[in-house]
Amino acid sequence: MRDRLDMTVTYAMHNALRRELHHLARATALAHPDPRNLLRTATGWKLFRRALHVHHAAEDDALWPSLRRALNGRPFSLARLEVIEAEHAALALLLEAIDRTLAGPDIGPDLFGDLTGSLVTGLHGHLRHEEEVIFPLVQTILTEEQWEHFGRVHARRIVADAARIVPWLLEGVTEGTAATLLAQLLPESAQHTYAHRWRPAYAALDRWGTRAL
């Protein structure tokens, strides 16, 4: 059965974040003796951080308020939404802690490994939790207008950094999914730019510095 509301962009974002968590775990495991040296310069880390911020900020600003209003009078479902919101806050603190370890020499690689491991585990769990708890609520109680509002906010924030985030988002998706994503995110003129400039430039990147490892 097809979903009532089109969640192609959101699913694509979740899948792209999972893909990058795999790369993060591999890169930090292979980079010896100190994986912080790799992450300080890795384009993949910067892209991951940017895309995660875009996605979570759009949810915080344009999805959770609509869900909260729609869930008025349903305390159990509201409590589950609050848990998801708390996960956003916890992940933000974890990212800040990782950034502090990258900026200063006083925190060793062991703690850094613990923090990146917690990020991989925590974000995997959060994405699964959203898909199990929030996505069914979205399909059940949000109106098309409310979902389209979130979609516009989400797309606008992706497109603000389109040359980097769009090819990152489309990596590895099927041809049909790519066509759907491009149609929802970019005008036709920008789709040509994506195909002939952004995608080749992205493909040339060694995002996580592991091609030679």
Side-chain angles (χ1 to χ4, degrees), residues 3 5-29 35 39 42 44-103 107 111-142 146-147 149-158 160-161 165 168-169 208:
D3 287 339
L5 303 174
D6 185 351
M7 303 184 76
T8 304
V9 175
T10 303
Y11 273 115
M13 180 62 76
H14 277 208
N15 290 336
L17 290 169
R18 287 189 179 99
R19 180 195 70 223
E20 297 304 299
L21 288 174
H22 170 77
H23 288 306
L24 172 63
R26 179 173 181 267
T28 54
L39 225 60
W45 174 247
K46 295 179 179 66
L47 276 170
F48 168 80
R49 291 280 277 108
R50 175 62 180 157
L52 182 60
H53 173 73
V54 162
H55 180 57
H56 278 185
E59 290 181 329
D60 291 341
D61 294 343
L63 183 55
W64 303 159
S66 294
L67 276 172
R68 188 171 290 279
R69 287 190 295 270
L71 291 171
N72 185 39
R74 298 174 62 173
F76 176 69
S77 293
L78 274 172
R80 300 177 85 185
L81 174 60
E82 287 168 0
V83 170
I84 296 289
E85 291 178 294
E87 290 174 1
H88 273 205
L91 288 164
L93 290 173
L94 190 53
L95 288 165
E96 289 176 10
I98 292 171
D99 284 342
R100 285 197 298 272
T101 69
L102 295 175
I107 299 175
L111 177 55
F112 175 76
D114 290 342
L115 291 170
T116 54
S118 295
L119 175 63
V120 171
T121 301
L123 185 53
H124 268 303
H126 172 69
L127 296 173
R128 183 177 64 252
H129 197 190
E130 277 195 353
E131 291 167 4
E132 292 173 351
V133 172
I134 298 300
F135 287 17
L137 285 174
V138 166
Q139 293 293 340
T140 301
I141 67 171
L142 283 195
Q146 288 170 322
W147 180 247
H149 169 67
F150 167 69
R152 287 192 297 272
V153 171
H154 198 208
R156 191 160 57 240
R157 295 184 182 188
I158 291 171
D161 199 3
I165 295 182
W168 176 92
L169 184 64
W208 293 98

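Side-chain atoms are counted along with the backbone in the values below, which use heavy atoms only and exclude waters and symmetry mates. Count residues from 1 along the sequence.
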Item to check | Residue pair Glu59, Ile84: steps toward the side chain to side chain contact (heavy atoms under 4.5 Å, CB included) verdict | outcome: CA-CA 11 Å; Glu59 290 181 329; Ile84 296 289; 6.0 Å; no
Next on the checklist: Contact between Arg68 and Glu82 at the side-chain level, heavy atoms closer than 4.5 Å - yes or no?
Outcome noted: yes
Item to check | Side chain to side chain, Ile134 and Trp64, heavy atoms closer than 4.5 Å | outcome: yes
Item to check | Any side-chain heavy-atom pair of Asp161 and Val54 under 4.5 Å | outcome: no
Item to check | Arg19 and Phe48, any side-chain heavy atoms less than 4.5 Å apart | outcome: no
Checklist entry - How far apart are the closest heavy atoms of Ile165 and Arg50, and which atoms are they? => result CD1-CG, 3.8 Å
Item to check | Spacing of CG belonging to Leu93 relative to CG belonging to Leu115, to within rounding of 0.5 Å | outcome: 11.5 Å
Item to check | Heavy-atom pair with the smallest gap, counting every atom of Ser77 and Leu71 | outcome: CB-CD2, 3.6 Å
Next on the checklist: For the CE atom of Met13 and the CH2 atom of Trp168, what is their distance to the nearest 0.5 Å?
Outcome noted: 5.0 Å
Checklist entry - Between Val138 and Gln146, does a side chain to side chain contact (heavy atoms under 4.5 Å, CB included) hold up when you go through it step by step? => result CA-CA 9 Å; Val138 166; Gln146 288 170 322; over 6 Å; no
Checklist entry - When you look at Val153 and Leu63, which way does the side chain to side chain contact (heavy atoms under 4.5 Å, CB included) test go after all the steps? => result CA-CA 9 Å; Val153 171; Leu63 183 55; over 6 Å; no
Checklist entry - For the residue pair Leu67 and Leu81, what are the closest heavy atoms and their distance? => result CB-CD2, 4.0 Å
Checklist outcome for this item: Residues at least two apart in sequence or cross-chain that pass ring-ring contact (aromatic ring centres under 6.0 Å, His included) with Phe150, listed by chain then number, are Trp147, His154
Next on the checklist: Return the CG to CG distance between Leu47 and Leu169, rounded to the nearest 0.5 Å.
Outcome noted: 11.5 Å
Checklist entry - Is any side-chain heavy atom of Arg49 less than 4.5 Å from a side-chain heavy atom of Ile98? => result no
Item to check | His129 and Val83, any side-chain heavy atoms less than 4.5 Å apart | outcome: yes
Checklist entry - After noting the C-alpha distance and the side-chain angles of Arg157 and Asp61, does the key distance pass the side chain to side chain contact (heavy atoms under 4.5 Å, CB included) rule? => result CA-CA 11 Å; Arg157 295 184 182 188; Asp61 294 343; 3.0 Å; yes
Checklist entry - Minimum heavy-atom separation for Ala70 to Ile141, with atom names? => result CB-CD1, 3.7 Å
Next on the checklist: As an exercise, state the distance from CH2 of Trp208 to CZ of Arg26, rounded to the nearest 0.5 Å.
Outcome noted: 12.0 Å
Checklist entry - If you round to the nearest 0.5 Å, how far is NE2 of His53 from CG of Leu95? => result 11.0 Å
Item to check | From Asn15 atom CG to Leu127 atom CG, the distance as rounded to the nearest 0.5 Å | outcome: 9.0 Å
Item to check | Test item: Leu123 and Leu94 side chains (from C-beta on) under 4.5 Å apart, heavy atoms | outcome: no
Checklist entry - If we only count heavy atoms from C-beta on, is the Thr28 to Val120 side-chain gap below 4.5 Å? => result no
Item to check | side-chain hydrogen bond (donor to acceptor under 3.5 Å, both in side chains) partners of residues 130-140, not counting sequence neighbours, each pair once | outcome: His14-Glu130, His14-Glu131, Arg18-Glu131, His88-Glu130, His126-Glu130
